[in-house]
Undergrad: 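Dumping the structure here so I can ask a few things about it.
Each ligand, and each atom within it, is numbered from 1 in the order the structure gives.
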Amino acid sequence: MPSKYSRLSAKKLAVTRTERSIERPVDIQGNLLKVSEYYGENVFHFSTATGIPESVKEELQQVSTLGSHLKKEHAEIVAKAVTEWAIAKGATHFCHWFQPLTGTTAEKHDAFLDFEDDRPIEKLSATQLLQGEPDASSFPNGGCRSTFEARGYTSWDLTSPMFLLDGANGKTLCIPTAFVSYYGDALDIKTPLLRSVTILDDLATEFMNLIGFKNTKKVTVTCGAEQEYFLIDKSFYFARPDLVMTGRTLLGSLSHKNQQLDDHYFGRIPGRVLACMEEIDFELHKLGIPAKTRHNEVAPGQFELAQIFRDANVAADNNQLVMATIKDVAEKHDFISLLHEKPFAGVNGSGKHLNWSMATDEGLNLLEPGKEPHSNMRFLAVTAIVIEAVYRRAKLLRMAIASQGNDHRLGANEAPPSIISVFTGTNLEEIFKSIKDGENFSPTGEVTLDLGAHQLANLMMDNTDRNRTSPFAFTGNKFEFRAVGSTQSIGFPLSILNSAVAEVFSESIDFLKSEIKGDSSKDIDTALMKLTKKLLKNSWSVVFNGDGYSDDWLKEAKKRGLPNLKTTADALPVLLDTEQTKYLVESKIFKQTELDMRYNVLVERYNTLREIEFTTLVGLVEKNVLPCSLEYKTKLGGVIKLQKDIGLESSVEVELYKKMNFACETLYSNLMTFKNTIANMPEDEKVRSVEIANTIYPISEQVAKACSDIEDLVPNDLWQLPTYYEMLFLR
Ligand code: ADP
Ligand code: MG
């Protein structure tokens, strides 16, 4: 339990810490190695590995790109090669690394140690590489199975490279895997993601072939996630039970200087933070994760890391490792990283911008505006397909980013609203509008954009990043899904987005086929134009280039009939809405049982996390805020009595006392209402989630507000919890 002493000593510690430096690798002459020389040293690439014959490498390549089946004897060769590689690097254990529905990652380590003729040896068999059998009953399954049929399987995903996890005293080989139940139901985030990229690949490839790109063999989903996070000194963290228990401050008076000056964004990175970022990048680069950008974010104490985009499945695995690495390295620097969407009220929260596009095996980005009119038609049609997908599956996309943490951000004037709309930028809007309205293809008015012009990309790039208020923005040659929460695994929103786009691709292919009726000499551009027009006409209401934070937009969106699912409790039931989910099931990206399971897991998770917040808040009020208020009142009362004894008036003291008394009474009565509602929560998880979102959470905010009022009144030396000022500014 924190005491005033721990707050004081935390402050002392925080301001006297020194920067941690690490030893960067050097060559034999002692010169520092370049990043390119150690990049990926902890990753096993079968393409460059020794001990794997070229023919097997080719087969592996085929399996990972075209999804064919791997022969067991070839798996044996890989298992042997990776074991030798890992052991030479000091590994003692291996594990199947997977992403259960907790949103984090799971690993169960096994030693390489085995016996051959009673002799100890190191070994990883093909079976151990290909398949694991963790006890599935301890992972969330949404009531999918009972514990007595707890069998679950992990299965090697050879499209995501194996890597070494560095411990202080050894290394572990991590094998990325999918995690499914005995009946093949996906118990993880990766499996549906893999299904979604496969289906999108098939459809987008067919689409490309149909419109004249005969050589396209494969279309991959590309993704680059920007990760935001806070860093605070470790000592403050441990003196704040709310941070430890819930990842966010449940109460706290705003410091006087917070972010009004806008001086933190892109500002000079504090030395101790930079040292930490350098080590984070170093670790990520060794893991073959292309960390690229690092900078201060808008709020004090808030930072960002972005990596170079790559194939979506690997990007999703990478982002899990990015979050884990930020956490681990931060602690070595005596920081704690807060990945929560809203660790502090009153300053910006954290999100994760999901940059998303599709690229062919020949390297063509489908969302690249391009130079030739022909490729522009491809660009316009594909962009219209994405817009239609977002329009049609706005509810599913909103659901996919729903969490109790993200509820604090969405619609809170610092992040996109919970209304899903698409930002195109004005240039593209003009072009699309003319297509939709059947006007001449070339844009009108002062926009003198030649569609075939080289400037198009530049112009649009310059013009498109201005709108930070859009949840889904076109930024030059990709879309940016900006409403994703900072803690969440990107795999789930990616699966939903991919599925939504696949659905529209599928219909577009049918449409194009019926337009050209098997006669490939028919003008495909005319058919594409017709498709683009049709899609845009249908989805135009989702296009919005104005200020997403404004009240006008709320009204306008309502008029347009766009859904506005304000809270997680509103958003999660979309999983049970068969009109919304029918394509997910038909396309086999999710089975119905998997959707039901996800609903159950997510709603339970929402409720549990909120309940932990509620009980933690009650504890803070009873153990910290109220006792400290009473202490202050006792002090004031003593002075008042003393002055009365010697015949002095105490107008100031009495005034302060009254204020304290009022604040205490307010807090106490809010607390009583709060405790009462918590004690009488409905049993049913769904009903409970609605009650929590609409009734109990707002009461908890009133309790928090009453605490902040008290924090403002009591003297600094009596207040026990580290303050916003200390946590955000002292390091
Ligand atoms: P912006 O400043 O508009 O956000 P950046 O070039 O800084 O653009 O890119 C931000 C993120 O977008 C990076 O992670 C980057 O790798 C990623 N990105 C760039 N191009 C693509 C693409 N074609 N597909 C997916 N992600 C991309
Ligand atoms: Mg960006």
Undergrad: Do N477 and E368 have side-chain atoms, one donor and one acceptor, less than 3.5 Å apart?
TA: yes
Undergrad: Give yes if a backbone or side-chain nitrogen or oxygen of A225 is under 3.5 Å from a nitrogen or oxygen of ligand 1, and no if not.
TA: no
Undergrad: Out of Q227, E368, K292, K478, indicate the one that has the non-hydrogen atom closest to atom 1 (P) of ligand 1.
TA: K478
Undergrad: Which class fits the ring pair F492 and F590: parallel under 30°, tilted 30 to 60°, perpendicular over 60°?
TA: perpendicular
Undergrad: Do the ring planes of H340 and H408 sit parallel (below 30°), tilted (30 to 60°) or perpendicular (above 60°)?
TA: tilted
Undergrad: Classify the ring geometry of F379 against F474: parallel below 30°, tilted from 30° to 60°, perpendicular beyond 60°.
TA: tilted
Undergrad: Could you list which atoms of ligand 1 come closer than 4.0 Å to a heavy atom of E226?
TA: 4 (O), 10 (C), 11 (C)
Undergrad: Short list, please: which atoms of ligand 1 are under 4.0 Å from a heavy atom of S357?
TA: 22 (C), 23 (N), 24 (N), 25 (C)
Undergrad: Within ligand 1, which atoms have a heavy atom of G224 less than 4.0 Å away?
TA: 14 (O), 26 (N)
Undergrad: Whether R482 engages the ring of F472 as a cation-pi pair (distance to the six-membered ring centre under 6.0 angstrom, angle to the ring normal within 45°) should be assessed.
TA: no
Undergrad: Taking non-hydrogen atoms only, is N365 closer than 4.0 angstrom to ligand 1 via side chain, backbone, both or neither?
TA: side chain
Undergrad: Under 4.0 Å from any heavy atom of E480, which atoms of ligand 1 are there?
TA: 4 (O)
Undergrad: Atoms of ligand 1 less than 4.0 Å from I308 heavy atoms?
TA: 16 (O)
Undergrad: Verify the ring-centre separation between Y38 and F282: is it less than 6.0 angstrom?
TA: yes
Undergrad: Is ligand 1 under 4.0 Å from a heavy atom in the side chain of Q307, in the backbone, in both, or in neither?
TA: backbone
Undergrad: Any side-chain donor-acceptor pair under 3.5 Å between Q99 and D317?
TA: yes
